[in-house]
Amino acid sequence: MKNRSFKAVLFDLDGTLLDTIEDITDSANLALSACGLPTHGADSYKLFVGSGVAELINRCVGEASADISVRNEVERLYREHYLKNCRNKTRPYANTAELLEELSRRGVLCAVLSNKPDAETGIVVREFFPGARFAAVAGQRDGVAPKPSPEGALLISRELGIPPEGFLYLGDTSVDMQTAISAGMFPVGALWGFRSREELEKNGANALIGDPLELLELL
């Protein structure tokens, strides 16, 4: 760490920059209810999210996912509801906007990589960080393997012209830590997010921070 110089920060989105769990919970529960399936609380969805929409639906549908027609209908309804309602209760975490402003002032490039669908990723980033200068914003899209595959992170690395070792990667789940390590980036765990300190440590976080502004101490 002492000899590393970071030129860019790659951010996860849900649970890292934005608290999105209530809108995800509401949209998924609407879809489940419409299909006659049990709903779940927000704490359950904090464990369901992180691996993309397909896996989110598999987890919240549970055993009923064996019926592919039911599972597909829940996913269809979820996508429909979330696209319309992804800005209702979502809010930035405290000090995230301030962190992005300071990174910009220091000339550190910032990018977002999410397993949220690409359209919704762009919508909420524009809505809640209108003044931020992101060099790249990418959600899950066809042709790019979702995290924890390093593919999306390495695409951003090439797009920005910065080698992976020049990136500090901030995320809140095991998926994020695995992605950072696989891509050759420096993994930092966000303790304010959806998962535990233990999960982040177990999956290779090189540093843990309890407030977004603490990231500045690692640069």
Side-chain angles (χ1 to χ4, degrees), residues 8-31 41-43 45-46 48-57 60 75-106 108-142 144 146-147 152-153 155-156 159-160 167-173 175-176 179 188 190-195 209 211-216:
V9 178
L10 183 55
F11 291 94
D12 173 51
L13 186 58
D14 299 53
T16 301
L17 288 175
L18 293 174
D19 185 353
T20 57
I21 205 65
E22 289 193 58
D23 284 333
I24 290 171
T25 298
D26 290 348
S27 296
N29 282 345
L30 281 170
D43 284 345
Y45 282 102
K46 288 180 179 180
F48 294 161
V49 299
S51 298
V53 170
E55 191 56 35
L56 165 64
I57 299 305
C60 71
E75 180 171 344
R76 184 189 71 80
L77 290 171
Y78 170 76
R79 289 180 180 273
E80 180 180 292
H81 289 310
Y82 190 67
L83 183 60
K84 294 177 182 176
N85 299 300
C86 61
R87 293 168 286 184
N88 290 356
K89 300 177 182 177
T90 290
R91 295 293 181 269
Y93 286 104
N95 291 329
T96 51
E98 290 82 355
L99 171 62
L100 293 170
E101 182 179 353
E102 179 61 19
L103 290 172
S104 177
R105 189 188 71 79
R106 295 187 184 193
V108 177
L109 295 182
C110 296
V112 171
L113 178 64
S114 178
N115 274 345
K116 184 192 294 294
D118 195 55
E120 288 91 324
T121 296
I123 288 170
V124 295
V125 167
R126 290 190 297 271
E127 174 78 13
F128 295 106
F129 301 108
R133 298 178 180 177
F134 288 108
V137 175
Q140 180 51 42
R141 55 208 190 277
D142 292 341
V144 180
K147 301 183 293 185
L155 283 172
I156 289 175
E159 180 180 342
L160 271 56
F167 279 82
L168 188 154
Y169 184 116
L170 180 65
D172 71 305
T173 70
V175 168
D176 292 309
T179 302
V188 179
L191 294 175
W192 58 87
F194 297 159
R195 302 290 178 80
I209 59 174
D211 183 280
L213 291 175
E214 292 177 19
L215 189 76
L216 299 171

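None of these values were measured; they are calculated from a predicted model.
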Heavy-atom pair of closest approach, residues A111 and I156: CB-CG2, 3.9 Å
Side-chain heavy-atom pair E101, R105 within 4.5 angstrom cut-off: no
Non-hydrogen atoms of N115 and G50 that approach each other most closely: ND2-O, 3.0 Å
Rounded distance [0.5 Å steps], CD in E120 versus CG in N85: 11.0 Å
Worked check of side chain to side chain contact (heavy atoms under 4.5 Å, CB included) between V9 and V188: CA-CA 10 Å; V9 178; V188 179; over 6 Å; no
Backbone of D23 reached by a side-chain donor or acceptor of N88 within 3.5 Å: no
Aromatic ring pairing Y78/Y82, orientation class (parallel under 30°, perpendicular over 60°, tilted between): parallel
Stepwise side chain to side chain contact (heavy atoms under 4.5 Å, CB included) check, F194 with D19: CA-CA 9 Å; F194 297 159; D19 185 353; 3.9 Å; yes
Donor-acceptor under 3.5 Å (K147 side chain, L113 main chain): yes
L99 side chain reached by F11 side chain, heavy atoms, under 4.5 Å: yes
L77 vs L30 side-chain heavy atoms within contact, under 4.5 Å: no
Distance, nearest 0.5 Å, that separates CG of L18 from CG of L13: 4.5 Å
Flag, side chain of Q140 to backbone of V144, donor-acceptor distance under 3.5 Å: yes
Intermediate values then yes/no, salt bridge (Lys or Arg N to Asp or Glu O under 4.0 Å), E102 and R106: CA-CA 6 Å; E102 179 61 19; R106 295 187 184 193; 2.9 Å; yes
Residue pair V137 / D118: nearest heavy atoms and the distance that separates them: O-OD1, 4.3 Å
Step-by-step side chain to side chain contact (heavy atoms under 4.5 Å, CB included) determination, L170 to I209: CA-CA 9 Å; L170 180 65; I209 59 174; 3.9 Å; yes
Side-chain H-bond candidate by donor/acceptor type, T20 with D14, under 3.5 Å: yes
Salt bridge (Lys or Arg N to Asp or Glu O under 4.0 Å): pairs with one or both residues in residues 123-132, sequence neighbours excluded: R87-E127
Taking every non-hydrogen atom, the tightest pair across D12 and G171: CB-CA, 3.8 Å
Donor-acceptor contact present, side-chain D172 to main-chain A190, <3.5 Å: no
T96 OG1 to F128 CZ distance, which is reported to the nearest 0.5 Å: 11.0 Å
Side-chain donor/acceptor of R195 to backbone N/O of G193, under 3.5 Å: no
A94 versus P212, closest heavy-atom pair with distance: O-CG, 3.3 Å
Heavy-atom closest pair, residues S51 and V175: OG-CG2, 3.7 Å
From CG (N95) to CH2 (W192), nearest 0.5 Å: 9.0 Å
Within 6.0 angstrom of E98 CD, more than 12 heavy atoms from elsewhere: yes
Reported CZ-to-CD1 distance for the pair R91 and I21, which is rounded to 0.5 angstrom: 15.0 Å
Pair D176, T173: side-chain N/O donor-acceptor within cut-off below 3.5 Å: yes
Reported CZ-to-CG distance for the pair R79 and L56, which is rounded to 0.5 angstrom: 9.5 Å
Flag side-chain contact, heavy atom, 4.5 Å: L160 against F167: yes
4.5 Å side-chain heavy-atom contact, F129 and V112: no
